[in-house]
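Just so you know, ligand 1 is whichever comes first in the structure, and atom 1 is the first atom listed for that ligand.
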Amino acid sequence: MNEPDTPSQGLPLCPSEALEERGRAHSFDVLQWNQPARAFALRFDGEVVAYLNRCAHVPTEMDWQEGEFLDRDKQYIMCSIHGAVYDPRSGRCVTGMCGRMGLTKITVSEREGQVYWYPSRDTKPAFEE
Ligand code: FES
């Protein structure tokens, strides 16, 4: 079910073909609690998942290089700062200094070759269209 303030159609994010299986993520700008923040979407086991690019240990961006979030074996999202490890499917902390915290999930969908994301009460588009 959609959040009450979620546009039912979602906002276009990127073409489906831009997200290869366990490949480079698509990064995008959002407002989290009205503050600028980065987010990312990647494809894992065929599904597109998206999270705020903000580690649960220290609120900093996690990618090794722009769009590179996965560990060497491409099994987990790993923070490049101190190595916290997250499950790509759920964003939950697996090990490391993220404790019980996880990543902040962003709802996404995919249809007709296009990926969409859904703003929420907390996470809104960086630029009103
Ligand atoms: S900032 Fe991510 S593990 Fe420390």
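Cys pair C98 and C93 passes the test of SG atoms under 2.5 Å apart.
If you look at atom 4 (Fe) of ligand 1, the protein N, O or S atoms less than 2.8 Å from it are H57 ND1, H82 ND1.
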Begin with the C-alpha distance, continue with both residues' side-chain angles, and end with the deciding distance and a verdict on side-chain contact (heavy atoms from CB on, under 4.5 Å) for M62 and M78. CA-CA 7 Å; M62 303 183 295; M78 179 180 278; over 6 Å; no
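Using a 4.5 Å cut-off between side-chain heavy atoms of Ile, Leu, Val, Met, Phe, Trp and Tyr, with links allowed through other members, V108 and F69 fall into different hydrophobic clusters.
Residues passing the ring-ring contact (aromatic ring centres under 6.0 Å, His included) test with H57, sequence neighbours excluded: H82.
For the side chain to side chain contact (heavy atoms under 4.5 Å, CB included) criterion with Q32, the lone passing option out of R38, K124, R54 is R54.
V49 and P88 get closest at one heavy-atom pair: CG2-O, 3.4 Å.
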